[in-house]
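By convention in this document, chain letters (A, B, ...) are assigned in the order of the sequence lines, proteins followed by strands, and residues within each chain are numbered from 1.
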Amino acid sequence: MRTSQYLLGTLKEIPADAEVVSHQLMLRAGMVRRVASGLYTWTPTGLRVLRKVERIVREEMNATGAIEILMPMVQPADLWQESGRLDDYGPELLRLKDRHQRDFVLGPTHEEVISELVRKEVSSYKQLPLNLFQIQTKFRDEIRPRFGVMRSREFIMKDAYSFHTSEACLEKTYQAMYDAYSRIFTRLGLNFRPVIADTGSIGGSMSHEFHVLASSGEDDIAFSSESDYAANVELAEAVAPAAERSAATEEMVKTATPDTKTIQHLVEQFNVPVEKTLKTLIVHGVSETDQPNLVALVLRGDHNLNEIKAAKIEGLLSPLEFANDDEIREATGVSPGSIGPVGLPLRTIVDRSAAVVSDFVTGANEDGFHLFGVNWERDVACTEVADLRDVIEGDLSPCGKGTLSIARGIEVGHIFQLGTTYSDAMKVGVLNETGKNQNLTMGCYGIGVSRIVAAAIEQNHDDNGIIWPASMAPFDVCILPMNMHKSVRVKEVAEQLYSDLKTAGFEVIFDDRKERPGVMFADMELIGIPHTIVIGERNLDEQAVEYTSRSSSDKVKMPISDVVNYLKAL
RNA sequence: CGGCGAUUAGCGCAGUUUGGUAGCGCACUUGGUUUGGGUCCAAGGGGUCGCAGGUUCAAAUCCUGCAUCGCCGACCA
């Protein structure tokens with residue numbers, strides 16, 4: 001490709017709205033352009049990278065025996081009615097009508113369509129197992145699209161769906177997908193970790209996410225220092241403290257604490273260690289009547305409530321819903337900020353870590369007062385204990401070995417064992433060996449193809465621009481001729497090398513613009529081409545050119561005749 | 001959905017307080033200069049000042065409404 005005949009679209013200035021470095025660099029390198037909120041055009045350089053990612057994903061999926069199909073993005077709402085998700089999915093599901101006023105949705109995922117296909121096409125256990133995948137555009141009407149293609153509304157995803165007559169068979173495919181994903185992200189040159197994940201609204205029993213580690217990630221991942229254990233903080237278990245609760249040493253005292261509404265304030269004003277404070281959060285329980293059924297959750301002041309864990313507790317609303325100030329006052333007679341477990345007329349669930357604190361400080365259930373020196377059992381019953389909090393740095397690992405550390409990750413893959421949720425709802429069954437109908441056990445496996453491009457940049461860049469892993473680079477090598485329009489020798493050598501490298505199978509970008517050298521260097525570094533051949537009068541007397549690598553500052557002078565073999569050997 | 005903010009050339013912004021000729025930098029075009037790291041000089045093209053009303057002799061500027069975009073929060077495969 002000659003730059004003079006290409007749409008390069010590099011920008012010198014940093015676009016104002018781009019927050020994260022990958023978004024900035026994708027705009028500056030001419031990879032994407034925004035069309036509307038969360039919608040992007042992939043310009044030539046960006047599309048080349050996207051295709052590289054797709055190719056690797058496709059190769060590895062094919063290698064596992066999965067079979068590629070392509071399903072429509074526009075899907076009949078009837079199918080979603082059937083699975084029950086038309087009501088459940090919420091506003092992220094974009095609904096639309098055609099000219100006949102028939103209802104459709106833009107597919108955010110394809111469980112319904114694939115289930116419909118399989119129930120029509122597959123009727124015998126002999127046709128199973130089956131793993132079908134596609135690489136296709138999805139649409140999710142995100143509340144707040146951001147970070148460029150990292151969280152956009154329209155995006156490209158590889159999604160696969162497997163069908164089985166037994167759990168054991170599903171587990172085998174699940175493991176094959178796990179392994180394939182590991183190979184894919186390794187080939188893409190990414191620093192990634194598989195982590196145990198929440199199954200979320202998709203449901204199912206077992207799930208792993210694959211995260212690219214990057215500070216701009218939107219998820220927190222907990223790792224064990226001593227083992228392979230890694231889990232999304234959403235799910236990571238906060239193990240019960242090994243130590244027993246210490247004996248009470250203080251009397252319970254009610255103290256006036258006017259204007260003290262937060263834990264931070266309590267700690268600062270009354271010089272209490274934050275680990276000795278307990279906070280009480282009021283949430284909605286499942287209610288049989290119109291009246292709210294409130295439940296209290298008690299945590300240590302320095303711990304965060306994990307809403308996913310809490311929502312899984314019997315009797316609590318899922319998703320979790322916080323009570324508002326009026327509801328709290330109605331039920332307890334006190335304002336948020338002074339609530340505590342002592343004498344609280346609500347079901348009270350205590351976090352494991354909060355349950356072992358002694359001599360603690362907490363709200364007195366009286367506006368403007370807190371109780372100091374409170375102890376469980378002596379002053380207030382502690383009947384219900386559960387894991388309610390997010391794990392934090394230094395917690396014991398649930399695997400039993402080591403402690404946890406926490407890092408940010410970008411979710412680029414997610415695999416689920418779905419079970420029969422969809423096949424039951426949509427009656428996806430076959431006749432088994434005994435001639436009986438049996439609903440199929442399903443798995444589903446997603447990879448965020450467009451997100452991978454952004455994630456790779458987050459992990460691979462410097463002040464000058466992107467540094468592509470070889471497998472993703474839009475071009476393998478660029479040819480930079482110095483002052484070609486003045487030097488016939490430079491032009492001849494550049495043209496010859498361009499031709500030779502293409503013949504040797506390289507994807508080459510040849511910067512034949514009439515630009516100053518600095519402009520060429522800057523553009524090619526910004527775009528992140530791994531290998532550069534610089535051709536200048538300076539070295540031509542010796543029939544030599546210069547090689548530079550984007551990922552290191554290596555510069556190698558070599559005879560023109562060596563270039564093809566040198567690049568082949570890299 | 002709530003709070004805050006923005007909208008002026010392709011991009012980044014000033015001008016709005018105090019109404020009176022539409023500006024700057026980058027990018028683009030032309031000519032010259034320079035030539036191994038985002039040159040320098042000169043000339044030029046490009047605007048319904050988000051949209052719709054209103055006030056006024058006169059509106060980018062003041063008033064009203066709307067739209068779009070962004071940030072924070074809530075929410076969330």
Identified pairing partner of [N], criterion: Watson-Crick or G-U wobble below 3.5 Å:
N	result
C11(B)	G25(B)
C1(B)	G73(B)
G46(B)	none
G53(B)	C63(B)
U68(B)	A6(B)
G19(B)	none
G37(B)	none

Can you name the residues that form a ring-ring contact (aromatic ring centres under 6.0 Å, His included) with [X], not counting sequence neighbours?
X	result
His531(A)	Tyr547(A)
Phe192(A)	Phe185(A)
Phe475(A)	Tyr6(A)
Trp80(A)	Tyr89(A)

Judged by nearest nucleotide, the residue sitting upstream toward the 5' end of RNA chain B, Met157(A) or Ala36(A), is Ala36(A)

The residue, Pro517(A) or Pro15(A), whose nearest nucleotide of RNA chain B is more 5′ is Pro15(A)

- Query: Is a donor on one side and an acceptor on the other found under 3.5 Å between the side chain of Ser549(A) and the backbone of Ser551(A)?
  - Reply: yes

Taking the same atom, [atom1], in [N] and in [M], what whole-Å distance lies between them?
N	M	atom1	value
C1(B)	U61(B)	P	29 Å
U8(B)	G46(B)	C1'	14 Å
A22(B)	G15(B)	C1'	9 Å
U33(B)	U17(B)	C1'	46 Å
G53(B)	A6(B)	P	24 Å
U16(B)	C11(B)	P	23 Å
G50(B)	U35(B)	C1'	44 Å
A67(B)	G23(B)	P	33 Å

Name the nucleic acid region contacted by [X], choosing base, sugar-phosphate or nothing; use a 4.0 angstrom heavy-atom cut-off, strictly under.
X	result
Leu11(A)	nothing
Arg33(A)	nothing
Glu515(A)	nothing

Figure out the [atom1]/[atom2] separation between [X] and [N], and round it to whole Å.
X	N	atom1	atom2	answer
Ile535(A)	G37(B)	CD1	P	17 Å
Glu142(A)	C69(B)	CD	P	15 Å
Arg34(A)	G10(B)	CZ	C1'	14 Å
Phe139(A)	C76(B)	CZ	P	19 Å
Tyr89(A)	C75(B)	OH	P	18 Å

- Looking at G25(B), does its base get a donor-acceptor pair with the side chain of Glu13(A) below 3.5 Å?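 Under the 3.5 Å cut-off, the side chain and the base do form a donor-acceptor pair.
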
message: Can you say whether a donor on the side chain of Glu537(A) sits under 3.5 Å from an acceptor on the base of G36(B), or the other way round?
response: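 Checked by distance alone, the answer is no.
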
With sequence neighbours excluded, residues passing side-chain hydrogen bond (donor to acceptor under 3.5 Å, both in side chains) with [X]:
X	value
Asp463(A)	none
Asn232(A)	Glu209(A)
Asp159(A)	Gln134(A), Lys138(A), Tyr161(A)

Of the listed nucleotides ([options]), which one gets closest to any side-chain atom of [X]?
X	options	answer
Glu19(A)	C71(B), G38(B), C26(B)	C71(B)
Asn483(A)	U35(B), G37(B), G70(B)	U35(B)
Asn539(A)	U39(B), G36(B), C69(B)	G36(B)

ask   = Should Lys12(A) be listed as having a side-chain N or O under 4.0 Å from OP1 or OP2 of C11(B)?
value =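 No.
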
message = Please confirm whether the shortest side-chain N or O distance from Ser37(A) to OP1 or OP2 of U68(B) is below 4.0 Å.
response =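 Result: no.
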
Say whether [X] and [Y], considering side chains only, have a donor N or O and an acceptor N or O under 3.5 Å apart.
X	Y	answer
Glu154(A)	Thr137(A)	no
Thr548(A)	Asp554(A)	no
Ser152(A)	Tyr40(A)	no
Asn483(A)	Ser487(A)	no

Ordered by number, residues from residues 144-152 of chain A within less than 4.0 Å of RNA chain B (heavy atoms) are Arg144(A)

Atom pairs, protein N/O to nucleotides 29-34 of chain B N/O, distance under 3.5 Å:
residue, atom, partner, partner atom, Å
U34(B), O2, Arg516(A), NH1, 2.6

